[in-house]
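Below is one structure, written out as structure tokens, with a few remarks after it.
Remember, it's 1-based here, ligands and their atoms both numbered in the order they're listed. Everything numeric here is computed off the predicted structure, so don't read it as measured data.
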Amino acid sequence: MKKILHIGTGGTISSQNSGEGLSPAIAAQELLKYCPDIAKYCTVDCIQLLSLDSTNIRPAHWIMIADAIAENYDKYDGFVISHGTDTLAYTAAALSYLVQNSKKPVVLTGAQKPIDEVGSDAIRNLTDAFIVASDDNSYGVQIVFFGSVICGTRARKNFSKSFGAFGSINFPEVARIQDGRIARFIYDQMPEKPTFYSYLNPNVGLIKFVPGMRNDVLAYIISQYDGLIVESFGVGGLPEYSDFFEQIKKAVELGKLVVMTTQVPSEGSNLSVYRVGTQLKNHLNILEAHDMTTEAAITKLMWILGQTNNYGEAEKLFYTTIYHDILYKD
Ligand code: ASP
């Protein structure tokens, strides 16, 4: 029987009413009592690493989770992390960069309703997470939620209330799980040996353009960060009515890493289509997210900036596919 480590971090799944709204209260070990079927698939040890609404989760917490996996890696066959749904996609992406080439599954899950609420999705999600973590064909970082098994670099919270909250962006779901059975769509070659990282540069910002964006807003955000993700429109580009191009040029000259992406939910960017994009692509050392999610682009930039500020090295790392995070690159 497989041996799985359950790492509790909080979230709605473990929440109870505090008198001022829901807040994490039920311990990792306690959560298992609601899910007796898990015992059919694996034995479980628990650690309560955090007890946070995931609104409060920050890069330092991602490192704590990755370190806990690294420390316990040899003792377990897989890992389940119960987590709030609000920033679950960010944590999954961050862990995909911090724990690479893990043949042991690292499965994140949560719930839209607390586990002790009648009709909650928590029992199904948690049970499914342990089934996926115990499966011989699972590997790497994944989210299991409402029957979907999603690659850690490809998830997004698309619905704030529905049970089917998560989607897989620009990439198919890895598998579906229904009534304890896994229907797997993607079989990868199993990685051999994991690589753990325990440093991120959290100084990465995101700016979403709006029509009529003020140039001093971009200037300010550039001044504050080492890396910047720019969510522009459509397949990508920068408005020409102000000095946005000059500002990005200056940022690049200062050694900052700039990633251009799109605020359109699906299909990604292609800066080479319109003059507003080719200007950037052809004349500046900027990076392009293409089909990557914004969550993956942000956390990958934090991981890269934790290792280098050199554009050439960063470019190479950024366009290296890590756990299916980027398909198109040029
Ligand atoms: N606010 C909660 C959290 O992210 C929401 C949830 O878990 O569904 O921790």
(request) Please verify whether a non-hydrogen atom of A165 lies at under 4.0 Å from ligand 1. (result) no
(message) Does this structure show an ion pair linking E253 with K249, if we count only N-O contacts that are shorter than 4.0 Å?
(response) yes
(message) Among all protein heavy atoms in this structure, tell me which lies nearest to atom 4 (O) of ligand 1, with the distance rounded to 0.1 Å.
(response) S54 OG, 2.5 Å
(message) Give me the nearest non-hydrogen protein atom to atom 8 (O) of ligand 1 as residue plus atom name, then the distance to 0.1 Å.
(response) T85 OG1, 2.5 Å
(request) Report the member of I13, L22, T12 with the shortest heavy-atom distance to atom 6 (C) of ligand 1. (result) T12
(request) With heavy atoms of D53 as the reference, note each atom of ligand 1 found under 4.0 Å away. (result) 1 (N), 2 (C), 3 (C), 4 (O), 9 (O)
(request) Show your reasoning for whether side chain to side chain donor-acceptor pair (under 3.5 Å) applies to Y139 and D188. (result) CA-CA 9 Å; Y139 84 97; D188 286 313; 2.9 Å; yes
(request) Kindly say whether the aromatic ring centers of H6 and F79 come within a distance under 6.0 Å. (result) no
(request) With rounding to the nearest 0.5 Å, note down the distance linking CG in L305 to NZ in K256. (result) 10.5 Å
(message) Distance under 4.0 Å to a non-hydrogen atom of G11: what atoms of ligand 1 satisfy this?
(response) 7 (O), 9 (O)
(message) Can you name the atoms of ligand 1, numbered from 1 with element, that are less than 4.0 Å from a heavy atom of D86?
(response) 1 (N), 2 (C), 3 (C), 4 (O), 5 (C)
(message) Which of the numbered atoms in ligand 1 are under 4.0 angstrom from any heavy atom belonging to Q112?
(response) 8 (O)
(message) Pairing donors with acceptors under 3.5 angstrom, does anything connect the side chains of D325 and T153?
(response) no
(request) Tell me yes or no: between the side chains of E231 and T261, is some donor less than 3.5 Å from an acceptor? (result) no
(message) Looking at K157 and D86, is there a salt bridge between them, counting it only when a charged N and a carboxylate O are closer than 4.0 Å?
(response) yes
(message) I need the atoms of ligand 1 closer than 4.0 Å to a non-hydrogen atom of A111, numbered in the order shown.
(response) 6 (C), 7 (O), 8 (O)
